[in-house]
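A short write-up of the structure that comes next.
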Amino acid sequence: MIPTSGSYCLANVRLHRSLTPGLAAAFDSDGFALANITITNGKIADLAAHDQAEAHPGAIDLAGRIVMPCFVDCHTHIDKGHIWPRKPNPDGTFMGALNATGADRTTRWSAEDVARRMDFSLRSAYAHGTKAMRTHLDSVPPQEEISWPVFETMREKWRGRIELQAACLLGIEGVRDKAWFERLAKRVAAAKGMLGVVTYMVPDLEELLDKVFAQAIEHGLDLDFHADETDDVAAISLKKIAEASLWNGFEGNILVGHCCSLARQPDLEVLDTLDKVAKARLAVVSLPMCNLYLQDRRSDHTTPRWRGVTLLHEMKARGIKVAVASDNTRDPFYAYGDLDMLEVYRMATRILHFDHPVGDWPKAVAATPAEVMRLDGAGTLAVGGSADFIVFRGRSWTELLSRPESDRIVVRDGRAIERQLPDYAELDELMV
Ligand SMILES: [Zn+2]
């Protein structure tokens with residue numbers, strides 16, 4: 001259906017206002033307008049309202065199908081991905097996940113093992129329509145010496161298909177070993193990565209955060225935290241990160257993931273935290289599928305009572321940048337998942353109520369994470385930009401989000417890619 005080269009026009013496509021900032025058109029109450037897209041040599045040459053566009057000879061009429069820019073997935077763990085068959089989570093709890101993953105990492109994560117699972121994950125994400133991704137890399141010694149070189153090789157291999165970024169991942173206590181942490185920061189800087197830690201309420205949290213900010217400032221690194229992935233109301237490390245950013249005068253980008261406990265805290269505490277998060281210009285990414293899976297998991301076989309996600313609506317209302325992302329895939333932190341950002345958006349719509357109205361929530365899987373990741377031109381459709389987009393069957397939100405859209409067409413640089421999902425059997429020999 002999509003030509004393989006040259007210049008062509010896709011007529012009568014349905015575009016969303018939040019993802020096409022330059023399009024002058026009358027958008028309906030769902031935020032959609034019918035438009036024509038002209039593609040020349042892999043770029044978007046023109047974007048015009050369907051009823052105002054001149055008829056293009058030979059235009060391909062898409063009869064109102066939704067077209068979205070390729071996805072940006074800003075929080076994943078492709079170093080952990082797909083270990084489930086050899087290391088399942090015994091009880092579905094957060095502690096079960098932490099222990100199982102740690103045991104697997106120390107015994108199984110050779111460079112070859114990590115590389116093969118990463119490549120599998122990237123092929124899945126690419127086939128689903130993702131064009132940029134950030135992964136965290138477990139960087140507890142000696143894993144940092146294994147995984148960072150693998151990441152650098154993988155980033156080169158995938159350049160032009162998936163723009164790959166990485167952040168180191170370690171518990172905040174790891175920062176206490178000053179010499180080692182400084183070496184890690186230097187290694188991350190050499191790989192042009194992001195400095196990341198997991199924060200929780202240790203007595204010296206403020207002091208340790210200062211050390212993290214000092215290293216980020218020294219090496220000019222952006223920051224990426226896992227914070228408060230718990231239902232414990234006493235977990236306020238999101239606020240501590242915002243405070244540390246303000247008193248350190250940090251000017252880089254900061255992305256904070258999870259922030260689950262915020263949804264359990266009293267209103268006054270929440271308001272104080274949100275004020276500081278906005279002032280410090282933190283961006284927040286919610287991981288709705290993983291949170292639903294791990295949070296409120298009960299050992300007595302009773303039913304979970306909350307969804308686990310953070311206060312995304314309240315954050316967005318204050319102008320805080322918000323995103324949703326995949327997080328874990330088929331590992332002890334989440335038994336399912338395939339790095340399909342349409343699935344993430346569909347689940348987020350249901351778990352977080354990204355609907356009635358939809359407003360500009362679609363930016364949370366495209367334009368906003370692109371901004372946080374400093375990717376110019378990703379996550380929107382604009383004249384002069386790369387023709388990287390997804391053509392869906394759905395013509396409305398209810399059609400788009402009711403089916404898996406397994407037959408979506410992914411176009412990269414103007415050409416439809418071959419959408420081949422890797423076969424699970426490829427990983428069988430790593431699972432024995
Ligand atoms: Zn994560």
Side-chain angles (χ1 to χ4, degrees), residues 14-21 30-32 66-78 121-122 124-135 162-165 224 255-258 283-292 309-310 312-313 315-316 320-329 334 337-355 357-382 385-386 388-392 394 397 399-405 408-412:
R14 198 167 245 108
L15 302 181
H16 199 259
R17 176 170 39 201
S18 67
L19 302 173
T20 51
D30 280 334
F32 284 120
I66 292 170
V67 170
M68 287 173 74
C70 282
F71 296 120
V72 178
D73 199 347
C74 67
H75 182 129
T76 69
H77 294 264
I78 62 173
S121 289
L122 288 161
S124 304
Y126 181 67
H128 291 307
T130 288
K131 73 174 269 182
M133 178 190 287
R134 180 179 294 177
T135 184
I162 291 184
E163 208 57 48
L164 188 60
Q165 297 185 350
D224 195 322
L255 179 61
V256 188
H258 296 293
V284 173
V285 57
S286 181
L287 298 310
M289 284 144 54
C290 217
N291 292 162
L292 198 64
V309 287
T310 195
L312 234 50
H313 287 266
M315 290 174 177
K316 186 148 85 67
I320 296 166
K321 286 181 191 153
V322 291
V324 288
S326 291
D327 212 6
N328 299 72
T329 42
Y334 185 53
D338 200 31
L339 298 167
D340 177 1
M341 285 295 281
L342 181 67
E343 185 195 12
V344 173
Y345 188 78
R346 182 169 61 234
M347 292 293 278
T349 294
R350 293 167 188 178
I351 298 166
L352 282 150
H353 291 176
F354 281 5
D355 49 10
V358 168
D360 63 356
W361 283 114
K363 285 170 74 175
V365 290
T368 303
E371 246 180 83
V372 173
M373 290 169 67
R374 301 179 186 269
L375 301 168
D376 280 347
T380 56
L381 294 174
S386 299
D388 294 336
F389 52 79
I390 309 167
V391 180
F392 295 104
W397 288 115
E399 288 185 2
L400 180 73
L401 300 179
S402 296
R403 288 184 177 166
E405 291 272 359
R408 74 191 78 164
I409 300 165
V410 175
V411 175
R412 298 296 307 273

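Considering all non-hydrogen atoms of both residues, Ala367 and Thr380 come closest at CB-CG2, 3.9 Å. For the residue pair Cys70 and Arg412, the shortest heavy atom distance occurs at SG-CD, 3.7 Å. His75 and His77 get closest at one heavy-atom pair: NE2-NE2, 3.4 Å. The two atoms that bring Val309 and Ser286 nearest to each other are CG1-OG, 3.8 Å, heavy atoms only. Closest of all the heavy-atom pairs between Asn328 and Cys290 is OD1-SG, 3.6 Å. A pairwise comparison of heavy atoms in Asp224 and Cys74 identifies OD2-O, 4.4 Å as the closest pair.
With a 4.5 Å cut-off on side-chain heavy atoms, Leu401 and Leu342 count as touching. The side-chain heavy atoms of Val324 and Leu312, taken from C-beta on, include a pair separated by under 4.5 Å. Contact annotation: the side chain of Val67 approaches that of Leu15 to within less than 4.5 Å [non-hydrogen atoms, C-beta and beyond]. The side-chain heavy atoms of Ile78 and Leu164, taken from C-beta on, include a pair separated by under 4.5 Å. Proximity of Ile390 to Met341: side-chain heavy atoms (C-beta onward) are nowhere separated by under 4.5 Å. With a 4.5 Å cut-off on side-chain heavy atoms, Val344 and Phe71 do not count as touching. Annotation: side chain of Arg346 is not in contact with side chain of Glu405 (no heavy-atom distance under 4.5 Å).
Between the OG1 atom in Thr329 and the CG atom in Asp340 there is a gap of 12.0 Å [rounded to 0.5 Å]. Note that CG of Leu292 is 7.5 Å distant from OH of Tyr334, once rounded to the nearest 0.5 Å. Note: Leu122 CG to Met133 CE = 5.5 Å, rounded to the nearest 0.5 Å. Rounding to the nearest 0.5 Å places CG of Leu287 at 4.0 Å from NE2 of His258.
Atom CZ of Arg403 is surrounded by 12 or fewer heavy atoms from other residues, nucleotides or ligands within 6.0 Å.
Residue Leu375 forms a side chain to side chain contact (heavy atoms under 4.5 Å, CB included) with just one option from Arg134, Gln165, Lys131, and that option is Gln165.
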Report task. Please test His128 against Arg408 for side-chain contact (heavy atoms from CB on, under 4.5 Å), starting from the C-alpha separation and ending with a verdict. Result -> CA-CA 8 Å; His128 291 307; Arg408 74 191 78 164; 3.9 Å; yes
**Report entry** Leu381 vs Phe389, side-chain contact (heavy atoms from CB on, under 4.5 Å): CA-CA, chis, key distance, verdict
**Finding:** CA-CA 8 Å; Leu381 294 174; Phe389 52 79; 3.8 Å; yes
Requested in this report: I would like to know whether Glu163 and Val72 meet side-chain contact (heavy atoms from CB on, under 4.5 Å); could you show each step before the answer?
Outcome: CA-CA 9 Å; Glu163 208 57 48; Val72 178; over 6 Å; no
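Here Asp30 does not pair with Arg14 in a salt bridge; the nearest charged N to carboxylate O distance is not below 4.0 Å. Contact check on Asp360 versus Lys316 returns a salt bridge, with a Lys/Arg side-chain nitrogen under 4.0 Å from an Asp/Glu carboxylate oxygen.
Ser18 and His16 are linked by a side-chain donor-acceptor pair at a separation below 3.5 angstrom, with hydrogens and angles left out of the test. With no hydrogens or angles considered, a side-chain donor-acceptor pair links Ser326 and Asp73 at under 3.5 Å.
Using cut-offs of 30° and 60° on the angle between ring planes, the pair Tyr345 and Phe354 is tilted.
Checking side-chain atoms of Thr76 against main-chain N and O of Asp327 turns up no donor-acceptor pair under 3.5 Å.
Less than 6.0 angstrom separates the ring centroid of Trp361 from the ring centroid of His313.
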